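Keep in mind it's a predicted model, so treat the numbers as computed, not measured. Chain A is the first sequence line, chain B the second, and so forth, proteins listed ahead of strands; every chain is numbered from 1.
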Amino acid sequence: MWTTTIGGNDLSTDSSDPVYMLRHSTAHLLAQAVGELYPGVKYAIGPPIEEGFYYDFEFPQPIKEEELLLIENRMHEISGRKLPIERSVLSREMAIAHETARNQQYKVELINDLPENEEISFYRQGDWIDLCRGPHVPDTGHIKHFHLLHIAGAYWRGNEKNKMLTRIYGTAWPTQQELDDYLYRLEEAKKRDHRVLGRELGLFMFSSEVGQGLPLWLPKGATLRDTLMDFMKKEQLNRGYQGVVTPHIANAKLYMKSGHLKNYNAKMFPLMQDEAEGETYVLKPMNCPHHIMIYANELRSYRDLPVRLAEFGTVYRYEQSGELTGMLRVRGFTQDDSHLFVTPEQLKPEFKGVVDLMLFTLNRLGLTDYRVRVGVRDPKDDKYIGTDENWKAAEEAILLAVQEMGMDYEVSEGDAAFYGPKLDLMVRDALHREWQMGTVQVDYNLPERFELEYVAEDGQRHRPIMIHRAPFGSLDRMIGLLVEHYAGAFPFWLAPQQVCIIPIADRHNGYAQELKVRLRDSGIRVEVDGRNEKMGKRIREAEMQKVPVMLVCGDRDIEAGTVSVRRRGEGDLGAKSIDETTEYLLGLLSS
RNA sequence: GCCGACGUGGCGCAGAGGUAGCGCAACGGUUUCGUAAACCGUCGGUCGUCGGUUCGAAUCCGACCGUCGGCUCCA
């Protein structure tokens, strides 16, 4: 089953759900409190959202975050008044006259946009009244357990050309216990934040001297990247991909031809002028034009297709500074990118093959909670290249494939790439924000622009179709998300350091070093912590660094040729022989 | 980019007009130890940057840089 969403909004919340209703009423309570405290305020919209609600206002003067407390206190006071909440219906003319008289132009605009036959209802509590479809709780006394969280700017109707309003976010729950639990969960989630753990675990860093949104990967983080790349390379080798390597910059003419300079310009770093040679270069925001050049390098036969060119390609996108978020949105990142050049007959099976790889990948990473989004064109927007026929064919190919695969998915208008529609895997971070991870896109348009060809069985030249795909999406974002998913405690195969050997006293260091060489030869990432610290302290630090296995060795072990195995979070598992230990560790690799 | 908040040694914090402190980390020494923090000592800060107010600024004001929460946009 699938639902349609418009403009990417998640409207899955159900207006008959009591919690949804409660939050909606809390938004009204907030608006009433704001109205009492700030005369002249203008009301925009105030819907319930997944874990709370917000209300957008235009304040006569900007407000400060500390004023939220005053507003919240007033809300409690109004709640105590137990004002009945009453519904009334007005004619369109009456409704407009009413809001015009109150000088509420946002409400007038909303009424004007309501469909002809829509009933226009208002909800009154005390002397405060708001345009609203409802439903609401019976009286304000029902609203008790809420908290205002933060203040933010939001453009009226989400359009940056409109005036920026002040949005107040809050949360509301049926009981105090649920509110407390929610606030506790928020605090806990912050501890999983990949920006915090990334520093504590020594994975990555940012430097303002290098530049905003440009990540620097530390040795342990680089090991994680290598592990993920090895995983994907092996999988791609099994699935008939060929690796290629292309440069980070290109002549601007290439990106002129691809349409990027026209349709992706806002996201590209400023062009580089080579005055001496009279050339202009771009820092690549995508890898496709480069891979297209490799495809076009030779005349291809239908026997060669599908051609699957893969590269861990680092791309640079000029994201707005306010949008940068740790590793989850950066300005330079590495995609596990590939472009497949296929015949029309191959499109569906190849597309399904890619989806299979994407799902296999998420499963292996332990990310089982994801949403499938099919991004199609927004017909009102002109940021796309290509003909309507091509778009129709590409969108149908994707929808048919996912339906045949029996997948749950949602269609989102306006979320296509500029050259074609796509299927995205969406995953949430610790704070429940949703991010696009893996993506697969069907593209009839770039092959046309570059006049790509292959010779078919009929001896004639035909045009291939392109599939763009990246199962991880980007290594940077994927690792950021994995850090949060596992709270830094990676499964054994992913852990940057898999084993920490802890010799109890100095005299056991030699034994520990021999063990290390042995395990390293078996392909285990292992270090010895032979520092002059008590064993307990070194165990504690290994636990905090989330090392999955600790091997402790002292006199007894050297005597018996054993090592005592300790599993992170589980404690001492007892002594094992070196062979048993090696086998145990290799067994963990596949778990 | 826009709205709001924040910026003090590597990290976490205190200091609210009178010349910067605490814990952890780091470093040195002692200790050689059986499953989550041994003991003693030492080093370390142009208080994000620049400018202004003041006899005097980490504390007040302005601009810029960066970070955080959103909006817009996207891997």
Classify the nucleic acid contact of [X] as base, sugar-phosphate or nothing, counting any heavy atom under 4.0 Å across all strands shown.
| X | answer |
| --- | --- |
| A:Gln320 | base |
| A:Leu324 | sugar-phosphate |
| A:Lys383 | sugar-phosphate |

Can you tell me the pairing partner of [N] across any strand shown, Watson-Crick or G-U wobble, with both distances under 3.5 angstrom?
| N | answer |
| --- | --- |
| B:A37 | none |
| B:G56 | none |
| B:G7 | B:C65 |
| B:C22 | B:G12 |
| B:U46 | none |
| B:G1 | B:C71 |

Rounding to an integer number of angstrom, what distance separates [N] and [M] when you compare their [atom1] atoms?
| N | M | atom1 | answer |
| --- | --- | --- | --- |
| B:C68 | B:C11 | P | 14 Å |
| B:C55 | B:U19 | C1' | 13 Å |
| B:G51 | B:G56 | P | 15 Å |
| B:A25 | B:G12 | C1' | 11 Å |
| B:C27 | B:U67 | C1' | 30 Å |

Is A:Glu50 salt-bridged to A:Arg428, going by a charged N under 4.0 Å from an acidic O?
yes

With the threshold set at 4.0 Å, does a side-chain nitrogen-carboxylate oxygen contact exist between A:Asp424 and A:Arg371?
no

request  = Determine whether A:Met407 and A:Val355 make a side-chain contact, defined as any pair of heavy atoms from C-beta on separated by less than 4.5 Å.
outcome  = yes

In the structure I gave you, are the side-chain heavy atoms of A:Val549 and A:Val526 within less than 4.5 Å of one another anywhere?
no

### Message
Tell me if the centroids of the rings in A:Phe53 and A:Tyr55 come within less than 6.0 Å of each other.
### Response
no

Original post:
When the aromatic ring centroids of A:Tyr419 and A:His468 are compared, is their separation below 6.0 Å?
Top reply: yes

Taking for A:Arg477 and for A:Gly569 the nucleotide of RNA chain B with the nearest heavy atom, the one nearer the 5' end belongs to A:Gly569

Whole-Å distance, A:Gln545 CD to B:A36 P, equals 17 Å

Using the 3.5 Å cut-off, write out each protein N or O paired with an N or O of nucleotides 43-45 of chain B and the distance between them.
none

With B for base contact, S for sugar-phosphate-only contact and - for none (protein heavy atoms under 4.0 Å), nucleotides 2-13 of chain B reads BBSS-----SS-

side-chain contact (heavy atoms from CB on, under 4.5 Å) between A:Asn287 and A:Gln335, intermediate numbers included: CA-CA 9 Å; A:Asn287 302 300; A:Gln335 297 178 310; 3.3 Å; yes

Residues A:Leu425 and A:Leu423: closest non-hydrogen pair is CD2-CD2, 4.2 Å

Centroid under 5.5 Å and tilt under 30°, A:Phe333 to B:A75:
yes

Which of A:Arg568, A:Arg566, A:Arg538 passes side-chain hydrogen bond (donor to acceptor under 3.5 Å, both in side chains) with A:Glu543? It is A:Arg566

N or O in side chain of A:Arg331 less than 4.0 angstrom from B:A75 OP1/OP2: no

The test is salt bridge (Lys or Arg N to Asp or Glu O under 4.0 Å); show your working for A:Arg507 and A:Asp555 and say whether it passes. CA-CA 9 Å; A:Arg507 64 178 177 279; A:Asp555 290 334; 2.8 Å; yes

Can you give me the N/O atom pairs linking the protein to nucleotides 25-29 of chain B at distances under 3.5 Å, or say none if there are none?
from, atom 1, to, atom 2, distance (Å)
B:A25, OP1, A:Lys537, NZ, 3.1

